[in-house]
There are 2 protein chains.
Amino acid sequence: MGRRATTRRIGIADVALKAGVSHATVSRVMNGNFTVDATIAARVRAAATELNYQPNPVGRSLALGKTDTIGIVVPDLSNPTFQAILRGLSMAAAQDGYRVLIADSSEVSSEEAILAGEARRRCDGLVLCAPRMSDAELEELAPSLQPMVLINRTTDAHAPSLMVDYGQGIQELAEHLVGLGHTRLAFLAGPERSASNGLRLLGLEKFKAGHPEIDLQMLEGGSNFEVGHQSVDAVLASGATGVLAFNDLVAMGLLSGLHERGIRVPEDISVTGFDDIPFARYTTPTLTTAAVPITELGQQAWHRMRDLIRNVPSDAAPEGPTVFQPRLEGRSSTGPASAERRGG
Amino acid sequence: MGRRATTRRIGIADVALKAGVSHATVSRVMNGNFTVDATIAARVRAAATELNYQPNPVGRSLALGKTDTIGIVVPDLSNPTFQAILRGLSMAAAQDGYRVLIADSSEVSSEEAILAGEARRRCDGLVLCAPRMSDAELEELAPSLQPMVLINRTTDAHAPSLMVDYGQGIQELAEHLVGLGHTRLAFLAGPERSASNGLRLLGLEKFKAGHPEIDLQMLEGGSNFEVGHQSVDAVLASGATGVLAFNDLVAMGLLSGLHERGIRVPEDISVTGFDDIPFARYTTPTLTTAAVPITELGQQAWHRMRDLIRNVPSDAAPEGPTVFQPRLEGRSSTGPASAERRGG
DNA sequence: GAATAATGAGAAAGCGTTTTCTCAGAGCGT
DNA sequence: ACGCTCTGAGAAAACGCTTTCTCATTATTC
């Protein structure tokens with residue numbers, strides 16, 4: 001038997017009693033079923049407002065087999081990128097009366113699977129944001145997580161996938177620096193397990209192939225301020241005049257570290273970020289970066305999810321992953337390579 | 001009758017059938033009830049794993065009268081402060097096996113009440129983050145939202161409340177500027193409806209009373225980058241040498257705008273922020289601000305909520321609001337008032 | 001005016017659990 | 001050997017809702 005709450009919430013039965021009708025009729029009225037006589041409907045509505053009746057969503061969910069909630073699994077909620085996706089998703093879902101449940105895996109990829117499964121059971125669908133789990137695990141898990149939408153990840157299992165073309169974006173940034181006369185570049189890489197870092201590396205391979213004359217060094221890194229800030233020495237040691245940071249956060253950390261050393265940006269060194277987070281317009285100097293329409297990505301994630309939930313035939317949605325192209329956002333952290341450093 | 005899913009999820013009944021026991025026994029085993037014979041328990045567990053049985057949380061919620069979920073209502077998810085609270089709350093709640101449901105009111109205070117009520121019914125409790133609704137409305141709503149925790153807001157209705165002492169913080173920042181020799185200050189205010197802006201104004205009133213010699217001007221503002229960026233003219237026109245921005249975002253916008261005009265910070269003008277968001281350490285110059293332990297605030301919100309849910313006697317928790325004191329974080333965006341501007 | 005169709009509302013089953021109630025059977029003492 | 005307690009498991013109610021099924025009432029038609 002269920003637990004009896006200390007003060008029982010008022011339910012459909014109370015309204016039915018007060019209006020002198022059956023549970024069924026109350027339910028019908030509450031759901032706008034027009035097979036109910038107008039007089040009775042009015043009486044029920046009156047009773048409902050008088051008792052301040054609010055249907056219990058849990059009972060509703062059980063009967064209807066849906067929760068009007070979707071889950072989102074993110075590796076780290078402190079990352080502005082994931083925050084923006086969450087926001088876009090949440091806003092878009094709210095438009096259609098859906099709520100968002102959060103599951104933060106704290107970058108612990110081993111917990112991700114359990115977390116995802118648990119979240120999925122509470123929701124009508126799941127958005128997996130750049131999952132850190134292996135391809136094999138993802139594919140194995142996929143069936144039990146449907147309907148599911150992937151962000152910055154693909155899988156052979158059938159699931160819509162939204163990708164940002166980080167490879168193309170980083171290439172454009174590199175080309176941008178080359179166009180400014182830089183010949184020695186450095187890439188401040190991101191986290192090992194990050195799929196988006198892999199895409200950047202792939203893009204840079206292509207870039208290298210197309211520009212054998214350019215010296216491009218790979219430096220170890222990460223994804224936050226501290227990493228950028230602590231990389232000043234490595235960057236200077238590399239002799240690069242143009243630095244491609246993994247993302248805007250790293251770039252900002254680097255900018256700050258360079259400033260402390262009295263090294264001028266862009267006069268001495270040019271720096272680029274990635275993502276175009278809102279802050280990038282307001283750094284000093286303003287940050288050249290590759291803009292990712294991240295909020296739109298969250299929105300799109302919801303739209304794909306909605307199609308799945310509503311069972312829209314899959315041929316209405318694109319088969320392969322939807323790819324978002326970053327847009328080069330030239331600002332003042334990049335400039336012509338300085339004459340003296342250009343030489344060596 | 002409930003909706004029959006296209007492919008029925010496997011339920012407790014399937015496990016019971018396979019193990020040759022009753023629903024009840026399966027439930028007992030799954031919940032670690034030791035009144036079940038070890039042999040039978042093992043058989044049930046085997047059946048469960050073989051069928052990959054996962055209890056349906058909705059059914060569970062209905063029977064148990066709890067959802068293991070709490071809701072958070074925020075005025076704007078794009079605000080780093082609310083993001084940080086959300087993060088702290090989510091992490092802390094996850095520790096105790098609770099999930100967080102998001103309700104973003106998009107600063108529309110009229111929707112807030114409905115949103116809150118709806119979220120509450122889906123959850124075991126509600127965290128209201130700086131609600132924009134009126135005091136009267138909040139108090140009227142409070143009973144139906146219990147258990148509830150307030151952040152940056154109080155109410156006469158009984159509910160734990162976590163407050164940041166913005167008044168004290170802004171006073172310290174102002175004192176800091178005065179200590180550096182500034183005599184003409186300006187406050188770039190926040191949104192009208194924001195309670196935290198009201199607290200800052202109150203603090204500044206006190207400050208004025210204690211420093212009749214200081215010229216403190218109030219400038220209209222807001223809470224984001226753009227506002228700070230667009231306020232450069234107003235700030236310059238005010239003749240102030242020290243500017244108290246509503247928060248770090250506004251300060252960063254201002255910093256950027258001043259930089260574009262070639263006005264040096266802190267040599268020509270000193271600027272302070274508020275909140276100490278992670279970015280504040282990495283602006284150029286680094287931002288003097290009042291640090292708010294915001295993630296801890298989210299954490300505390302969960303702990304208060306947990307006490308309410310577990311029905312811990314209220315005398316265990318403090319009666320009045322818990323107040324968090326901001327800590328002055330002196331960095332390089334503030335410096336001695338310049339001789340030439342100090343005069344006029 | 002009687003047979004038929006249309007309308008509207010109640011009874012009850014079902015959603016998937018938990019938990020109380022109940023009772024069969026085992027263990028034990030006398 | 002009989003009655004007692006105790007253990008363990010099944011039957012069934014409860015959680016709060018939706019919806020099908022069913023049937024009573026009224027409207028329609030020849």
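Proteins get letters first, then strands, A, B, ... in listed order; numbering begins at 1 in each. Note that the coordinates shown come from a computational prediction; the quantities given were computed from them, not determined experimentally.
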Query raised in the report: Does a sphere of radius 6.0 Å around NE2 in B/His303 hold more than 12 heavy atoms from other residues, nucleotides or ligands, not counting ones at 6.0 Å or beyond?
Result: yes
Query - Strand contacts (DNA chain D) in residues 18-40 of chain A, 4.0 angstrom heavy-atom criterion - result: A/Ala24, A/Ser27, A/Arg28, A/Asn31
Report summary line: When every non-hydrogen atom of B/Asp76 is compared with those of B/Phe82, the smallest separation belongs to O-CD1, 3.3 Å
Report task. State the CD1-OG distance between A/Ile114 and A/Ser105, to the nearest 0.5 angstrom. Result -> 11.0 Å
**Report entry** Test item: A/Arg99 side-chain N/O and A/Thr69 main-chain N/O as donor-acceptor pair under 3.5 Å
**Finding:** no
Query raised in the report: Once you round it to whole Å, what is the distance between P of D/dC15 and CG of B/Leu62?
Result: 9 Å
Query raised in the report: Does a donor on one side chain sit under 3.5 Å from an acceptor on the other, for B/Asp124 and B/Thr67?
Result: yes
Report summary line: Rounded to whole Å, the CZ-P distance (A/Arg43 to C/dG8) equals 15 Å
Requested in this report: Please state how far atom CD1 in A/Ile10 lies from atom C1' in D/dC17, giving the value in whole angstrom units.
Outcome: 13 Å
Report task. May I ask you to evaluate whether B/Tyr53 reaches the phosphate of C/dT17, defined as a side-chain N or O under 4.0 Å from OP1 or OP2? Result -> yes
Query - Length of the line joining A/Lys66:NZ and D/dT19:C1', which is rounded to integer Å - result: 15 Å
Query raised in the report: Under 3.5 Å, is there a donor-acceptor pair between the side chain of A/Gln146 and the main chain of A/His158?
Result: yes
Query raised in the report: Contact class for B/Pro57 (heavy atom, under 4.0 Å): base, sugar-phosphate, or nothing?
Result: nothing
Report task. Rounded off to whole Å, could you give me the CG-to-C1' distance for the A/Asn56 and C/dC15 pair? Result -> 13 Å
**Report entry** Rounded interatomic separation in angstrom, taking CZ from B/Arg122 and P from D/dG16
**Finding:** 17 Å
Query raised in the report: To the nearest Å, how far apart are B/Leu64 CG and D/dG16 P?
Result: 13 Å
Query - Rounded distance (Å) that lies between atom P of D/dG16 and atom CD1 of A/Ile12 - result: 11 Å
